[in-house]
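Here is the structure we will look at.
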Amino acid sequence: MTSVGGIGNKGIARPAPVSGRVVSLSMGEEVDACFSDSPPPCRMPCPFSLDVAGLTERVAKRNFAAAYRLLREQLLFPDIVCAICERPCEGECLRAGIDGPIRIGMIEAAAVEYGGGEPGKRYRVPRQGKKVAVVGGGLAGASCASLLAAAGYETTLYEAEKQIGGRLKDIMPEEEYLRSLLAGLDSPLCEIVCGRHVADTEKLHCYDAVIIADGRTPGESPSKAPKGVFFCRLRDGAMKAQPVAEAMDTVRLVQSWLKTGIVRGTNPPGANNGDRPAYFGFLQKLYEGEPVAERISGAHFAPEDAAEEAALCLTCRCDACRRACDYMRSYNMLPRRLLDNVRMNLNPMQGMKAHMATRMIFSCNACGRCADVCPEDIDMGDVMLLARSLMQREGDVPPVFHDYWMRDMAHANSDACSFAGHAPGRDRSARAFFPGCQLGAAAPGLVKKAYGRLLSLAPDTGLILRCCGAIAMWAGYGQAFKDALLAVKQAWLGLGRPELILSCPTCRKVFAKHLPEISTVSLYTLLAGYGAAGKDGARQDTAANSDAVFAVFDPCAAHSDAEAKGGVRRLLAESGYGVREIPEHAAGNGCCGFGGLIYPANPELYSEIASRRAASSELPMATYCVNCRDILRRGGKQCRHVLELVLDGAATDGPLAAPSLTQRHDSREALKKSLSASFLNGGTEIPHIGEAARPLTFAEGIQAKMDTLLLLEGEIADVIESSKRGNAVLRDGKTGFCCGHGIVGRVTCWVMWQETENGYHIENVYSHRMAIGGVRM
Amino acid sequence: MTCLKCNLKLVPRQTEFIYLGKNFVAEIPACPKCGCVYVPEDFVEGRIKEVERMMEDK
């Protein structure tokens, strides 16, 4: 039996990384252009810049009281404003292009009808000890007086007529606006003086400030008016409810002047009056595919009608990246909030969780799809990669997140697997084939055939086998990435600066950005240019392929690689295959899940993404990234590498298996061995690529389990041997299995086995990231 | 579970685990003589993974 003790903390709280803090400040520039937080178009012509999305959200939830409170906060006299407003907001509503604008005016009216009635809360505001006179009891003056009294100023409202309201009497019933105005002016600090015409402001010298709101204009700005006298004026063509908005602005000026003695000019609310935001057109496109709804007609909404109408509001907040990105959807965040989390992670405040966003930062595929769909080309992958490199530099990342893949990269670049040389019998290379680290591991036969084909087309084609460094780049290991790039460059220089033929889209992306001095060409474009169907070594019976149709799964790294995309399609068509597009790729390719090496940090998201991609087309798929191929195959998809189809003409039926990690590891070594032992030392053929022999057999499902745990067969054999050598073998009395454990990379690996005549039969394997410390005897 | 070296049955012992600079103590089977431990798979899949995740997010 096991029981759990307490969790201690031997370490001390780590201070915020200073370097991270400095660099993370400039990260804001990455998302500066994001307009997801910009106001929606409907707010632009509104004198109040009313939060329509907030209103519709509340009404859609049938929370009319909250909707009315929002209106009162933003419109001051919602009963009056909603009754007289011309509703310019509806003219900008993006729903107009779908099934008609949201009827915002009627939703406001519903909020007033079903949520109004109760007087607003009265807060105990400290008296400011200053007196203000407001001349003119129309809508503007009453608004000024109401706001000033609510802010603690002793306010006197002078009206020349017998009753306040001014021109309102011409546009709505007197009892309605009077009820509303008098309720708003009901304050012990507010005195209403009717029937007093104030012609000369000099007579109001006992006040600390005077607001003229009776229609008079001084012909100059408030700051040039006599000291302490402010004019609440309306511009020509102002909307009927504009006086309230102008009053709000004037009161802000007056308050500022009373407190500081300085008149600070402010823009009136809705400063962009009438101007359509620059992103209007983009939002319009974003909502083009929205389904048409059955709209409610009539001139009055019942509560449920208003809620239904409000629920149709699009809220007009750009979320194109979140729609396209599984990662952003999973965290339900847009770029600005993602960045806030990254910054908090890099600059933890004392007492706060330091690494709350670490997993989030390491869950991004860095595939660039967000930039594809963003009108401002904001690539959150770049932000996450920068954050990763800062965190790795500070040692703030669980090493297990990338341990396996960094060891895999080291393996690809080891002497056992890496190679650079001219073609057999040649002393120069006009071009060199660079298949990358993954194709040779997952499909060494394809590297062999593709290279053979390239040699038949151009004998001066050299070969470089190694990793471009993308693994280290994704993991955030800046130095390891630089080292890998340098090694590639040295190999390239050693071959005399040949043009590199790349088959891996990720290599293409890395080369374009980090090794721009190296000229590259896509293998697929090159083969298509030679006419694949008509050359030696290419698929001859193109007619046999005519019924085979494939959906092309473009790898994420090829998202902006038009050359490779076009080459692949031409090559498939020339080989007689039918080519179909995957609809969701029209807005940018999605990652298969491998990108960014998110699996160890977030296996759930990885699986979700992989399943989603496998379901993105019902047709069998053709791709040109071998990791995409294998991940889609593991998701049950019939998926072929383009080179298989073009060079093998492989049939499309029957199950397609993905090689295990061990097979990949062994194949990579075997490829190098076979090439250097024969072909590149004067031989004429590339020999059969064999598999390593190990004395291990496995119970059903154990090899697949090892793949999910990122464990290799050789490592399992090592654990058994080291357990035996260290005399640390246990035996299960019930099953008779032996059991031992050992360290593999950064994990502790447990193995259960039975000895067989020729070696070991592995019954079970599991691992954990924690290290076992001391036992209290 | 028996330790082959000492030929003794494992008994529960307080054992320390270390991850990301923090420690975690749990009672797991260990050889009473040589201290050779056994971490059962259900314990790994349950509590250990839970604590690992917690520490990675801390």
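Just so you know, these numbers come straight off a predicted model, no measurement behind them. The analysis underlying the following values was restricted to heavy atoms, covering all of them including side chains, and did not include hydrogens, waters or symmetry mates.
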For the student: nearest non-hydrogen atoms of N764(A) and E41(B), plus distance:
ND2-OE1, 2.8 Å

Examine whether an atom of M752(A) lies under 4.5 Å from a heavy atom of chain B, and if so say whether it belongs to the side chain, the backbone or both; otherwise answer neither.
side chain

Taking C-beta and beyond as the side chain, do E56(B) and R359(A) meet within less than 4.5 Å on heavy atoms?
yes

I'd like to verify something: which residue of E52(B), K9(B), R13(B) has the highest number of heavy-atom pairs under 4.5 Å with chain A?
E52(B)

What part of V11(B) lies closer than 4.5 angstrom to a heavy atom of chain A: side chain, backbone, both or neither?
neither

Please identify each residue that fulfils ring pair (Phe, Tyr, Trp, His ring centres under 6.0 Å) with Y404(A), with sequence neighbours left out.
none

Against chain A, label C6(B) side chain, backbone, both or neither, depending on which of its atoms sit under 4.5 Å from a heavy atom there.
neither

How many angstroms lie between CG in D57(B) and CE in M360(A), if you round to the nearest 0.5 Å?
11.5 Å

With side chain to side chain contact (heavy atoms under 4.5 Å, CB included) as the test, would you mind laying out the steps for M770(A) and L20(B) before giving the verdict?
CA-CA 8 Å; M770(A) 283 194 194; L20(B) 300 175; over 6 Å; no

Quick one: do R769(A) and E50(B) make a salt bridge, cutoff under 4.0 Å?
no

Tell me which donor-acceptor pairs under 3.5 Å the side chains of residues 725-744 of chain A have, and how far apart each pair is, sequence neighbours excluded?
residue	atom	partner	partner atom	Å
R731(A)	NH1	G736(A)	O	3.1
D732(A)	OD1	K734(A)	N	2.9
T735(A)	OG1	F737(A)	N	3.2

Per-residue contact mode, V44(B) against chain A (heavy atom under 4.5 angstrom):
side chain

Step through the shown structure and confirm whether more than 12 heavy atoms of other residues, nucleotides or ligands are within 6.0 Å of CZ on R329(A).
yes

Shortest non-hydrogen pair, G773(A) vs I18(B), comes out as CA-CD1, 4.1 Å

Do you know which two heavy atoms are closest between Y766(A) and V39(B), and how far apart they sit?
OH-O, 2.6 Å

Just by distance, do the side chain of E16(B) and the backbone of I772(A) share a donor-acceptor pair under 3.5 Å?
no

Would you check if Y19(B) and P398(A) make a side-chain contact, meaning some heavy-atom pair closer than 4.5 Å?
yes

